[in-house]
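One structure is given here, and the rest of the page talks about it.
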Amino acid sequence: MRAVVHTRTGEPGEVLSVVETDEPHAGPGEVRIVVRAAGVNPIDWKLVTGLMGGAPDRPRVPGIDAAGLVDEIGEGVTGVRVGDPVFGQATGGSAAEYAVLSAWAAKPEAVSFEVAGGLPVAGETAIRVLDLLGLRAGQTVVVDGASGGVGSTTVQVALARGLRVIGTAGEANQEFVASLGAHPTLHGSGLADRVRALAPDGVDGAVDTAGRGSVRDLIALTGDPSHVVTIADFGAGDLGVQVTTGGGGQAARLEEIGQLLADGRIDVPVAATFPLERIGEAYDLSREGHVRGKLVLLP
Ligand SMILES: NC(=O)c1ccc[n+]([C@@H]2O[C@H](COP(=O)([O-])OP(=O)(O)OC[C@H]3O[C@@H](n4cnc5c(N)ncnc54)[C@H](OP(=O)(O)O)[C@@H]3O)[C@@H](O)[C@H]2O)c1
């Protein structure tokens with residue numbers, strides 16, 4: 001199959017190349033798909049550039065997010081047939097013609113492969129962080145970094161759960177955050193005062209999706225570090241903040257995202273699509289940290 005691989009870490013444009021390589025196969029509990037779209041996440045370029053771990057010991061296909069058509073079903077898998085459109089998380093890479101998924105859900109018919117292929121990590125994470133906060137309808141949540149992949153999805157899931165949402169973003173993304181249904185404000189210095197002005201009755205929970213040092217402000221706003229969840233500030237556990245990196249239960253959370261997509265309750269914009277040959281450009285854009293919605297590769 002055609003796939004992107006890298007054998008060393010470094011600048012994406014230099015270490016990633018499209019090659020012919022062996023097809024992967026579905027093991028027990030897995031399905032293989034013909035990839036129609038593969039979303040880009042920051043973890044992809046963090047692994048390729050060496051920010052998270054060293055060089056792979058054999059050629060490695062990057063990418064987790066994928067959507068496509070099931071073409072191989074592993075032992076013990078039920079509830080899915082060859083030809084079904086699904087979206088989910090790949091174990092051995094997704095920037096390729098074929099990918100093996102360890103967790104997946106049905107792609108709603110009305111949702112494009114591009115949108116579904118951009119949502120597995122962001123969607124699963126959004127459900128996970130909101131479940132950790134355990135808020136009730138009518139309560140107020142702050143989402144720091146509300147314009148990004150995880151942030152914009154978290155805003156929409158929170159609104160679907162009946163929460164009031166205050167979302168932070170840069171100047172250029174204020175209108176976008178408002179269009180999602182959140183009350184927008186700027187991220188960065190002075191955050192706590194700006195949020196207090198928007199929520200004089202207080203804030204019940206907060207999500208740090210950006211890892212840019214906002215957790216102390218978020219603790220001050222909620223009054224309790226356990227009411228703050230971060231996905232990107234790994235030192236914040238020392239302050240009593242909930243730090244989450246994954247764990248089990250992905251398939252159930254992807255099901256929930258699939259239902260919200262089918263019901264039209266969430267829709268994350270695809271900022272740009274790229275052929276596999278231009279993966280380096282996609283990763284460089286993601287590294288700049290200001291993409292509105294998702295970047296998606298089209299194998
Ligand atoms: N732990 C986990 O399970 C998990 C899961 C998924 C992702 N992550 C991590 O979470 C982070 C975000 O992922 P993503 O896919 O949402 O990235 P993304 O799409 O690139 O979004 C980045 C967000 O950060 C915002 N931002 C930039 N500078 C900021 C600042 N100074 N203060 C506050 N916000 C700022 C951006 O807003 P503007 O563009 O409007 O400035 C944007 O909303 C990454 O580090 C990723 O690796 C962790």
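Counting starts at 1 for both ligands and their atoms, in listed order.
In Ile231, the parts holding a heavy atom less than 4.0 Å from any atom of ligand 1 are both the side chain and the backbone. In His187, the part holding a heavy atom less than 4.0 Å from any atom of ligand 1 is the side chain.
Set against the non-hydrogen atoms of Ala210, the atoms of ligand 1 under 4.0 Å away are 24 (O), 33 (C), 34 (N), 35 (C). Near Ala169, meaning under 4.0 Å from any of its heavy atoms, are these atoms of ligand 1: 40 (O). Set against the non-hydrogen atoms of Ser147, the atoms of ligand 1 under 4.0 Å away are 36 (C), 37 (O), 38 (P), 39 (O), 40 (O), 42 (C), 43 (O). For ligand 1, the atoms closer than 4.0 angstrom to any heavy atom of Arg128 are 3 (O). Residue Asn173 has at least one heavy-atom neighbour below 4.0 Å for each of these atoms of ligand 1: 38 (P), 39 (O), 40 (O). The ligand atoms of ligand 1 that sit less than 4.0 angstrom from a heavy atom of Gly170 are 38 (P), 40 (O), 41 (O). Near Thr209, meaning under 4.0 Å from any of its heavy atoms, are these atoms of ligand 1: 10 (O), 11 (C), 12 (C).
The environment of Arg194 atom CZ is dense: over 12 non-hydrogen atoms of other residues, nucleotides or ligands sit within 6.0 angstrom. For CG of Leu159, the number of neighbouring non-hydrogen atoms (other residues, nucleotides, ligands) closer than 6.0 Å is greater than 12. More than 12 non-hydrogen atoms from other residues, nucleotides or ligands lie less than 6.0 angstrom from CD of Glu23.
Side-chain contact check for Asn41 and Lys294: at least one donor-acceptor pair (N or O, by modelled atom type) lies under 3.5 Å.
No donor-acceptor pair closer than 3.5 Å links the side chain of Asp263 to the backbone N or O of Arg265. When atom types are taken as modelled, the side chain of Gln156 and the backbone of Ser152 share a donor-acceptor pair closer than 3.5 angstrom. Between the side chain of Asp65 and the backbone N or O of Val121 there is at least one donor-acceptor pair closer than 3.5 Å. Although no hydrogens or angles enter the test, the distance criterion places no donor-acceptor pair under 3.5 Å between the side chain of Glu255 and the main chain of Ala105.
Here the protein heavy atom with the shortest distance to atom 21 (O) of ligand 1 is Gly148 CA, 3.3 Å. Among protein heavy atoms, atom 30 (C) of ligand 1 sits closest to Arg212 CG, 3.3 Å. Closest to atom 5 (C) of ligand 1 among all protein heavy atoms lies Thr125 OG1, 3.3 Å. The protein heavy-atom contact nearest to atom 13 (O) of ligand 1 is Pro42 CG, 3.6 Å. Here the heavy atom of the protein found nearest to atom 39 (O) of ligand 1 is His290 ND1, 2.8 Å. Ranking the protein heavy atoms by distance from atom 25 (C) of ligand 1 puts Gly145 CA, 4.0 Å first.
Under the 4.0 angstrom criterion for non-hydrogen atoms, Val121 is in contact with ligand 1. By the 4.0 Å heavy-atom criterion, Arg292 is excluded from the residues contacting ligand 1. Residue Gly289 places a heavy atom less than 4.0 Å from ligand 1. A heavy-atom separation below 4.0 Å is found between Lys46 and ligand 1.
Within the 4.5 Å cutoff, no side-chain heavy atoms of Ser286 are placed close to those of Glu288. Looking at Arg161 and Asp131, their side chains come closer than 4.5 Å, going by heavy atoms from C-beta outward.
The closest non-hydrogen atom to atom 1 (N) of ligand 1, taken over Leu191, Thr244, Leu186, comes from Thr244.
Between Asp193 and Arg196 there is a salt bridge, with a side-chain nitrogen of the basic residue lying less than 4.0 Å from a carboxylate oxygen of the acidic one.
Rounding to the nearest 0.5 angstrom, the gap separating the CG atom in Leu186 from the CG atom in Leu191 is 9.5 Å.
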